[in-house]
Visitor: 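Okay, handing you the structure first.
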Amino acid sequence: MSTKSIAVYPGSFDPIHNGHLDIVHRCRPLFDEVVVAVLRNEEKRPLFSVAERVAMIDDQLAGLDNCRVESFSGLLVDFMRSLEARVIVRGLRAVSDFEYEFQMALMNRRLNDSIETVFLVPKDEYIYLSSRLVKEVFYLGGRIEGLVPEAVVGCLEKARSD
Ligand code: PNS
């Protein structure tokens with residue numbers, strides 16, 4: 001069993017936004033290692049491929065020594081077992097997140113009782129931020145500067161022109 005404390009921050013990250021990055025920065029001092037885990041789930045019809053999402057995140061994690069990005073498919077708890085990780089980190093925003101997050105945390109506990117879910121609250125300016133809203137505002141011509149990293153704005157522009 002690994003003696004390192006490894007946290008997994010799972011999600012769709014389609015695309016990663018500043019609220020996600022805020023959570024990554026908040027987790028870093030709490031764990032030896034933070035693994036941002038991108039779910040491989042084509043059923044959700046993501047805008048960006050897994051490879052594109054992983055590349056965008058990797059770009060943002062450059063220089064952060066205890067963070068890396070991976071992708072996974074199947075059950076999160078199985079992926080966690082393969083890493084010997086015992087903590088799932090999720091960002092908790094508005095009250096509306098609560099039921100969904102509670103269901104996932106309890107299901108993951110049922111699947112593996114030695115894994116704990118830890119919720120972190122993002123900076124208040126990101127409380128109402130979601131990848132879905134970022135895409136919607138961008139495609140309708142609204143400003144998304146300050147909500148996603150500049151490189152992600154570039155990826156959205158490229159996706160729009162393709
Ligand atoms: O960013 P999202 O879409 O809210 O993230 C959801 C995610 C990836 C954390 C969740 O769908 C997940 O863990 N899926 C893996 C499948 C799984 O383990 N399901 C059972 C536990 S809910």
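What you see is a predicted model, and the numbers here were worked out from it, not measured in a lab. Remember, it's 1-based here, ligands and their atoms both numbered in the order they're listed.
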Visitor: Judged on heavy-atom distance to atom 15 (C) of ligand 1, which of Ser73, Ala105, Gly74 sits nearest?
Guide: Gly74
Visitor: Considering all heavy atoms of both residues, which atom of Asp22 and which atom of Lys123 are nearest to each other, and what is their separation?
Guide: OD2-N, 2.8 Å
Visitor: Heavy-atom distances under 4.0 Å decide this one: backbone, side chain, both or neither, for Leu39 against ligand 1?
Guide: side chain
Visitor: Under 4.0 Å from ligand 1, counting heavy atoms only, is it the side chain of Arg90, its backbone, both or neither?
Guide: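 Contact part for Arg90 vs ligand 1: side chain (C-beta onward).
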Visitor: Considering all heavy atoms of both residues, which atom of Asp78 and which atom of Arg81 are nearest to each other, and what is their separation?
Guide: OD1-NH1, 3.1 Å
Visitor: So which protein heavy atom does atom 19 (N) of ligand 1 come closest to, and at what separation?
Guide: Leu75 CD2, 3.9 Å
Visitor: Using distance alone, decide if ligand 1 has a nitrogen or oxygen within less than 3.5 Å of any nitrogen or oxygen in Ser12.
Guide: yes
Visitor: Give the intermediate values and the outcome of side chain to side chain contact (heavy atoms under 4.5 Å, CB included) for residues Ser114 and Arg86.
Guide: CA-CA 7 Å; Ser114 64; Arg86 294 186 50 190; 4.2 Å; yes
Visitor: Answer yes or no: are there more than 12 heavy-atom neighbours, outside Tyr128 itself, under 6.0 Å from its atom OH?
Guide: no
Visitor: Atom 21 (C) of ligand 1: which protein heavy atom is closest, and how many Å away?
Guide: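 The answer is Asn108 OD1, 3.2 Å.
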Visitor: Look only at the side chain of Ser5 and the backbone of Asp32, and say whether a donor-acceptor pair between them is shorter than 3.5 Å.
Guide: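 Between the backbone of Asp32 and the side chain of Ser5 there is a qualifying donor-acceptor contact (under 3.5 Å).
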Visitor: Quick one: does Phe13 get a heavy atom under 4.0 Å from ligand 1?
Guide: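 The answer is no: ligand 1 sits nowhere under 4.0 Å from a heavy atom of Phe13.
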Visitor: Are the side chain of Asp58 and the backbone of Val69 linked by a donor-acceptor contact shorter than 3.5 Å?
Guide: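 It does not hold such a pair.
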Visitor: Are any of the N/O atoms on Leu76, whether in the backbone or the side chain, positioned under 3.5 angstrom from an N/O atom of ligand 1?
Guide: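 Yes: some nitrogen or oxygen of Leu76 is under 3.5 Å from one in ligand 1.
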Visitor: Just do the salt bridge (Lys or Arg N to Asp or Glu O under 4.0 Å) check on Lys4 and Glu84 with the steps written out, would you?
Guide: CA-CA 9 Å; Lys4 277 202 292 185; Glu84 298 192 8; over 6 Å; no
Visitor: Among all protein heavy atoms, pick the one closest to atom 4 (O) of ligand 1 and tell me residue, atom and distance.
Guide: Tyr100 OH, 2.8 Å
Visitor: Regarding Asp14 and Ser12, is there a side-chain donor-to-acceptor distance under 3.5 Å anywhere?
Guide: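 The answer is no; no qualifying pair exists.
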Visitor: Identify which of Met104, Met80, Arg40 has a heavy atom lying nearest to atom 10 (C) of ligand 1.
Guide: Met104
Visitor: Which part of Val77 is near ligand 1, with near meaning a heavy atom under 4.0 Å away: side chain, backbone, both or neither?
Guide: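 Neither part.
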